[in-house]
Amino acid sequence: MLFEVAIFSFYTLFCLFSVLGYGIIFSKIIYNPSERNIGELGIFGFLLLLFISLFFHFFIPLSYWFNFIILSLGFVISIAKFNYFKNEIVKIKTQFILITLIILPSILIYKTHGDYEWYHLPYVNYLNNFKIIFGLVNVVNHYAHGHGWMDIMGLFSLPVIETKGVSIIALIFFYFFLLYLIFEIKNTKLKSIKIYSIIAIIYCLATYNKLADFGAEIQPALMILVIILNVIKLLNNNNSNELLSKIILYFIFAIFLRIGSVVILPFVLIILLINFKHIPKSIITYLRLNFFLALFFIFFLLKNFILSGCL
């Protein structure tokens, strides 16, 4: 029992720091906003890992050892930046300890989502054992749901742990989301952002208080809350180019996580139309990010088409 607790505790920390490492890669190479925090780096890390999962699965299975190599790279980069993380955490020391004590220990008593054995685990096993298969939906239609979260889960199957730990990755995502809001409360001078972030934290802790609820649907819902936060910032900030790029980034990520997130498209379009004059400059300023998202979108559509014949 103690051995299993130790293994899963290390696995959790390994995955957490690996995601942060890829968040650093994303912010250094693809998108370098003027404002970011540890929680946002975690979200960036998950976004980049989804891209890596989609890209490599076209050519090879996401085997345990391949995943270990991929995550180890992020872990090493994260450890190299440990002093940066330590200095950032000092800024929210009390809140950080509280959130960590609430979220991370629950991983040891985590109960899987009701759909986990039904289609999450079979899809992860498919990712781990086969490269992409044409027409797979004709075998099992669950493989055509288009949940990008399950493609992320496939990267966290590792030697020794295998698929036993992939369901707890949702809690790590939730942890980064809460840290993101806490840093926003700490760093912003806007009362509207502070109030919104506090309400969002209370709402999420009250709504997602059952561990078994953490499936593939929560992550895009959290991204929609992040989009709304950045829209509030846009209404009270002169840095329109960066905020527009973030809104588009988070909206596309929400779509990749769950295609049903398209329901907020009218809201996003209204925001873009109101700020239409800033869009050309935003596209030019963040050219690498836009190129990355365009390439990402192509891979996303191609994967859906190969599996099901539908974009």
Side-chain angles (χ1 to χ4, degrees), residues 19 22-36 40-60 62 70 73-74 127 131-132 134 144-152 154-155 173 219-220 222-224 226-227 230-231 234 239-311:
V19 173
Y22 278 98
I24 292 171
I25 293 173
F26 186 85
S27 65
K28 291 291 185 181
I29 299 176
I30 300 172
Y31 181 50
N32 189 20
S34 60
E35 297 180 3
R36 62 176 182 271
E40 190 168 49
L41 285 177
I43 295 171
F44 288 166
F46 275 112
L47 173 64
L48 185 54
L49 285 169
L50 174 55
F51 176 81
I52 290 171
S53 175
L54 289 178
F55 176 78
F56 280 103
H57 193 237
F58 281 107
F59 310 103
I60 59 173
L62 304 180
I70 292 294
L73 174 61
L127 293 174
K131 67 178 183 178
I132 196 165
F134 282 78
H145 279 297
H147 292 330
W149 182 250
M150 290 188 290
D151 290 285
I152 292 175
L155 271 180
F173 189 95
Q219 299 77 26
L222 299 181
M223 284 298 92
I224 290 174
V226 172
I227 291 170
N230 281 278
V231 169
L234 182 64
N239 195 2
S240 301
N241 296 330
E242 182 175 311
L243 289 169
L244 282 173
S245 68
K246 281 193 176 185
I247 291 169
I248 295 172
L249 171 64
Y250 289 130
F251 172 64
I252 292 176
F253 188 28
I255 292 290
F256 290 162
L257 288 173
R258 184 177 176 84
I259 196 68
S261 301
V262 74
V263 294
I264 67 161
L265 178 60
F267 174 69
V268 174
L269 286 178
I270 290 172
I271 298 301
L272 294 179
L273 287 173
I274 293 174
N275 296 275
F276 184 78
K277 64 180 180 180
H278 299 291
I279 293 177
K281 187 175 180 180
S282 178
I283 292 174
I284 295 172
T285 304
Y286 300 102
L287 198 58
R288 278 184 295 181
L289 173 64
N290 292 308
F291 177 77
F292 170 79
L293 291 177
L295 187 63
F296 202 158
F297 193 66
I298 291 171
F299 284 141
F300 176 74
L301 293 181
L302 187 59
K303 168 226 171 187
N304 290 339
F305 183 73
I306 290 174
L307 290 182
S308 66
C310 299
L311 294 178

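Index from 1, following the sequence.
- Using cut-offs of 30° and 60° on the angle between ring planes, the pair Tyr250 and Phe44 is parallel.
- Taking each heavy atom of Gly148 and Leu50 in turn, the nearest pair found is O-CD1, 3.4 Å.
- Taking both residues in full, the closest heavy atoms of Leu41 and Ser27 are given as CD2-OG, 3.7 Å, listed atom of the first, atom of the second, then distance.
- Across all non-hydrogen atoms, the minimal contact from Leu272 to Ile279 is O-CD1, 3.5 Å.
- Heavy atoms only, all atoms of each residue included: Phe251 and Val268 are closest at CD1-CG2, 3.8 Å.
- Of the N and O atoms on the side chains of Glu242 and Tyr31, not one donor lies less than 3.5 Å from an acceptor on the other residue.
- Each of Tyr22, Phe253, Trp149 was checked for a ring-ring contact (aromatic ring centres under 6.0 Å, His included) with Phe46, and the lone residue meeting it is Trp149.
- Between the side chain of Asn32 and the backbone N or O of Lys28, no donor-acceptor pair lies under 3.5 Å.
- Using the six-membered ring where Trp is involved, Phe51 and Phe55 have ring planes that are parallel, under 30° apart on the 30 and 60° scheme.
- Using a 4.5 Å heavy-atom threshold, the side chains of Leu302 and Phe58 count as touching.
- A pairwise comparison of heavy atoms in Arg288 and Ile29 identifies NH1-O, 3.0 Å as the closest pair.
- With Ser261 contributing its side chain and Arg258 its backbone, the two residues share a donor-acceptor pair below 3.5 Å.
- With hydrogens and angles ignored, the 3.5 Å screen pairs no side-chain donor or acceptor of Asn230 with any backbone N or O of Leu243.
- Leu62 is listed as a side-chain neighbour of Ser53, based on a closest heavy-atom distance under 4.5 Å.
- In this structure, Ser245 and Thr285 have side chains that are not in contact, with every pair of non-hydrogen atoms separated by 4.5 Å or more.
- Proximity of the aromatic rings of Phe292 and Phe296 is defined here by a centroid distance below 6.0 angstrom, and this criterion is met.
- Summarising the geometry, atom CG belonging to Leu244 is positioned 7.0 Å from atom NE2 belonging to His278; distances are rounded to the nearest 0.5 Å.
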